[in-house]
A.B. asks: 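Below are the structure tokens for one structure; questions will follow.
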Amino acid sequence: MFGDFDINFVIFGVMPYVALTIFLVGSIVRYERDPFTWKSSSSQLLRRKQLIWGSILFHVGILTVFFGHLVGLFTPIWVLDAIGIPYALKQWMAVLIGGPAGIAALIGSTMLLHRRLVDPRIRVTSTFPDVLIMVLIWLQLAIGLLTITQTLQHMDGSEMVRFMTWSQSVVSWNINAWVTVVDVHWLYKLHIFLGLIITALFPFTRLVHIWSGFAAPFRYLLTRPGYQIVRSRRHRPLEDRRRAYDKVQAKRGPTSTTPAE
């Protein structure tokens, strides 16, 4: 019954669709059920300097890597041929740009992970998903940098074309997409597998705040006109003002001249 079973088919043929489904449906469900958890839960008041440097290095590096992968994998091959970009040149760009960006992201994630695990005040407010997703991202960055050792052995761009073909075949619902990467180096396979795991875990972690980063400009500029943030100048605590107001209400009832303080 299982004589023809191939784990490569499960990981590279089935798992991408499972991970993407969980990613999209899970994000929608979380926003509908728990909208107030749709945040990064910052602890910026603690170890602020380490947070700033770690956050800058991590976010600049990871965004460069992410969009580099997005453009690199999903640009149709015929577009490269049409504008005359050699595969070798694209491969060198991936190494020279993605390599330093990956190193920056790895250093930043190391600082953030160290801060979260070492400081007892931050650790006590951290959940298991918080730590798990940071560890997985750290591993993913480290493995991604290790794949450069294999990439340098195929600077003609042949391996890059295989991953482009696989990625574009997955989104075009080609059931035989997995065959394209079945015999690539195990580091590449592990990198893809871990990326799919992170994608599936996305809706259940603080990573959901990434959606807000992409949607915020459209939400506040197009769908919520007239909103602004106002800082109150009142120094009296809210609870004291509430009790004072309730006391006045109990005596006289609301009038247009009744003070709220």
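Since this is a predicted model, take the numbers as computed values, not measurements.
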A.B. asks: Take T165 and S169 through the side chain to side chain contact (heavy atoms under 4.5 Å, CB included) test and state the conclusion after the steps.
C.D. replies: CA-CA 6 Å; T165 302; S169 297; 4.0 Å; yes

A.B. asks: Kindly indicate, with the supporting measurements, whether the criterion side chain to side chain contact (heavy atoms under 4.5 Å, CB included) is fulfilled by T127 and D130.
C.D. replies: CA-CA 5 Å; T127 63; D130 290 341; 3.0 Å; yes

A.B. asks: Is there a path from M93 to V60 through hydrophobic residues (I, L, V, M, F, W, Y) whose side chains come within less than 4.5 Å of each other?
C.D. replies: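 No, because M93 and V60 fall into different hydrophobic clusters, even though each may have its own neighbours under 4.5 Å.
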
A.B. asks: In Å, rounded to the nearest 0.5 Å, how long is the span from CG of L113 to CD1 of I133?
C.D. replies: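 Nearest 0.5 Å value for the CG-CD1 distance: 12.0 Å.
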
A.B. asks: Spell out, as yes or no, whether a donor-acceptor pair under 3.5 Å connects the side chain of K189 to the backbone of V182.
C.D. replies: yes

A.B. asks: Can you confirm whether D81 sits close enough to Y87 that some side-chain heavy atom of one is under 4.5 Å from a side-chain heavy atom of the other?
C.D. replies: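 Heavy-atom side-chain distance check passes, below 4.5 Å.
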
A.B. asks: Any non-hydrogen side-chain atom of Q91 less than 4.5 Å from a side-chain atom of T151?
C.D. replies: yes

A.B. asks: Is it the case that more than 12 heavy atoms not belonging to I175 sit under 6.0 Å from its CD1 atom?
C.D. replies: no

A.B. asks: Can you hop from I103 to I137 via hydrophobic side chains spaced under 4.5 Å?
C.D. replies: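 Yes; I137 is reachable from I103 via cluster members.
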
A.B. asks: I need the minimum non-hydrogen distance between A19 and L196, along with the two atoms involved.
C.D. replies: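 Heavy atoms only, the tightest pair is CB-O, 3.5 Å.
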
A.B. asks: Kindly say whether I85 contributes a backbone atom to a donor-acceptor pair with the side chain of K90 at under 3.5 angstrom?
C.D. replies: no

A.B. asks: With side chains defined as the heavy atoms from C-beta onward, is the minimum distance between V131 and V135 less than 4.5 Å?
C.D. replies: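 V131 reaches V135 side chain to side chain.
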
A.B. asks: A side-chain contact here means heavy atoms from C-beta on lying under 4.5 Å apart; do L73 and W166 qualify?
C.D. replies: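 With C-beta onward as the side chain, the pair stays apart.
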
A.B. asks: Are F163 and W173 grouped together when hydrophobic residues (ILVMFWY) are joined by side-chain heavy atoms under 4.5 angstrom apart?
C.D. replies: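 Yes: a chain of side-chain contacts under 4.5 Å links F163 to W173.
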
A.B. asks: Please determine whether the number of non-hydrogen atoms from other residues, nucleotides or ligands lying under 6.0 Å from atom CZ of F193 exceeds 12.
C.D. replies: no

A.B. asks: Roughly how far, to the nearest 0.5 Å, is the CE atom of M160 from the CD1 atom of I77?
C.D. replies: 7.5 Å

A.B. asks: Could you give the distance from CD1 (I22) to CZ (F202), rounded to the nearest 0.5 Å?
C.D. replies: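 It comes to 13.5 Å.
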
A.B. asks: To the nearest 0.5 Å, how far apart are CD1 in I143 and CD1 in I192?
C.D. replies: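 Result: 11.5 Å between the selected atoms.
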
A.B. asks: Is there side-chain contact between M134 and L112, with heavy atoms separated by less than 4.5 Å?
C.D. replies: yes

A.B. asks: May I ask whether W186 and I197 are part of the same hydrophobic cluster, defined by side-chain heavy atoms of I, L, V, M, F, W, Y residues being less than 4.5 angstrom apart, directly or through others?
C.D. replies: yes

A.B. asks: Which heavy atom of I198 sits nearest to which heavy atom of Q140, and what is that distance?
C.D. replies: CD1-CB, 3.9 Å

A.B. asks: Can you name the nearest heavy-atom pair linking R30 to F204, along with the distance?
C.D. replies: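 So the two residues come closest at NH1-C, 3.6 Å.
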
A.B. asks: Under the side chain to side chain contact (heavy atoms under 4.5 Å, CB included) rule, what do H69 and V65 come out as? Steps first, then yes or no, please.
C.D. replies: CA-CA 6 Å; H69 277 65; V65 170; 3.5 Å; yes

A.B. asks: To the nearest 0.5 Å, how far apart are OG in S55 and CZ in R115?
C.D. replies: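 These two atoms lie 9.0 Å from each other.
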
A.B. asks: Does the side chain to side chain contact (heavy atoms under 4.5 Å, CB included) test come out yes or no for L141 and L145, once each step is laid out?
C.D. replies: CA-CA 6 Å; L141 289 167; L145 289 171; 5.5 Å; no

A.B. asks: When rounded to the nearest 0.5 angstrom, what is the spacing between CG in L136 and CG in L207?
C.D. replies: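 Rounded to the nearest 0.5 Å, the CG-CG separation comes to 9.5 Å.
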
A.B. asks: Within the structure provided, determine whether M164 and Q168 are in side-chain contact (heavy-atom separation under 4.5 Å).
C.D. replies: yes

A.B. asks: I'd like to know if L80 and V71 are part of one continuous hydrophobic network [Ile/Leu/Val/Met/Phe/Trp/Tyr, side-chain heavy atoms within less than 4.5 Å].
C.D. replies: no

A.B. asks: So, H154 versus S158: side-chain donor-acceptor pair below 3.5 Å or not?
C.D. replies: no

A.B. asks: Taking all atoms of both residues into account, what is the closest heavy-atom pair of N174 and Y17, and its distance?
C.D. replies: N-OH, 4.0 Å

A.B. asks: Taking the side chain as every heavy atom from C-beta outward, state whether W178 and V170 have any pair of such atoms under 4.5 Å apart.
C.D. replies: no

A.B. asks: Could you tell me whether the side chain of L106 reaches within less than 4.5 Å of the side chain of L57, counting heavy atoms only?
C.D. replies: no

A.B. asks: Do you know which two heavy atoms are closest between I97 and P100, and how far apart they sit?
C.D. replies: O-CD, 3.5 Å

A.B. asks: State whether the side chain of T180 and the backbone N or O of A177 hold a donor-acceptor pair below 3.5 Å, judged by distance alone.
C.D. replies: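 Answer holds: yes.
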
A.B. asks: So, Q150 side chain and Y188 main chain: donor-acceptor pair closer than 3.5 Å or not?
C.D. replies: no

